[in-house]
Amino acid sequence: MSKTIKQFGYDIIKMDGSEQQPFNPIVTIVLNDYFKSPKSAMPTISPHLMTESEIDHHIQALKDDLDSVAKKAKTALHKAIDEARSYKSN
């Protein structure tokens, strides 16, 4: 897999054993970095792109980032599910 630009990440909400009601882990995909343009209310997640090649390169980098985050998030989810099972069985 190619090196990623770390634009995307994930967060996981999981049981720590102190909850009254057991629940399954929850994963969300997040933006690690963005800036707010004064001309737009939307977060900007790219540098200024001025050629088709720059657009293609950055879009591919974002796709690679998402693929990498998906793999890491799935691993974290499986681990959290296993941990939740151990809390529920105690």
*Asks:* Got a sec, which hydrophobics cluster with M50, joining ILVMFWY side chains under 4.5 Å apart, including via others?
*Replies:* none

*Asks:* What are the two closest heavy atoms between L31 and F8, and how far apart are they?
*Replies:* CD2-CE2, 3.5 Å

*Asks:* Which heavy atom of V69 sits nearest to which heavy atom of G9, and what is that distance?
*Replies:* CG1-O, 3.5 Å

*Asks:* In Å, rounded to the nearest 0.5 Å, how long is the span from OG of S46 to OH of Y34?
*Replies:* 15.0 Å

*Asks:* Please enumerate all residues that pass side-chain contact (heavy atoms from CB on, under 4.5 Å) together with D11, with sequence neighbours excluded.
*Replies:* T28, V30

*Asks:* For I5, check side-chain contact (heavy atoms from CB on, under 4.5 Å) against everything at least two apart and list the hits.
*Replies:* Q7, H58, A61, L62, D65

*Asks:* Taking atom CD1 of I81 and atom NZ of K14, what is their separation to the nearest 0.5 Å?
*Replies:* 11.5 Å

*Asks:* According to a 4.5 Å side-chain heavy-atom criterion applied to Ile, Leu, Val, Met, Phe, Trp and Tyr, with indirect links allowed, do I45 and L66 form part of one hydrophobic cluster?
*Replies:* yes

*Asks:* Can you name the side-chain contact (heavy atoms from CB on, under 4.5 Å) partners of K63, sequence neighbours left out?
*Replies:* I59, Q60

*Asks:* Looking at K79 and D82, is there a salt bridge between them, counting it only when a charged N and a carboxylate O are closer than 4.0 Å?
*Replies:* no

*Asks:* Please name all residues satisfying side-chain contact (heavy atoms from CB on, under 4.5 Å) with K72, sequence neighbours left out, ordered by chain then number.
*Replies:* Y10, S68

*Asks:* Heavy-atom distance under 4.5 Å between the side chains of L49 and P47, does that happen here?
*Replies:* yes

*Asks:* So which atom in I12 and which in A76 form the shortest heavy-atom distance, rounded to 0.1 Å?
*Replies:* CD1-O, 3.6 Å

*Asks:* Between I26 and I29, is there shared hydrophobic-cluster membership here, with clusters defined by ILVMFWY side-chain heavy atoms closer than 4.5 Å?
*Replies:* no

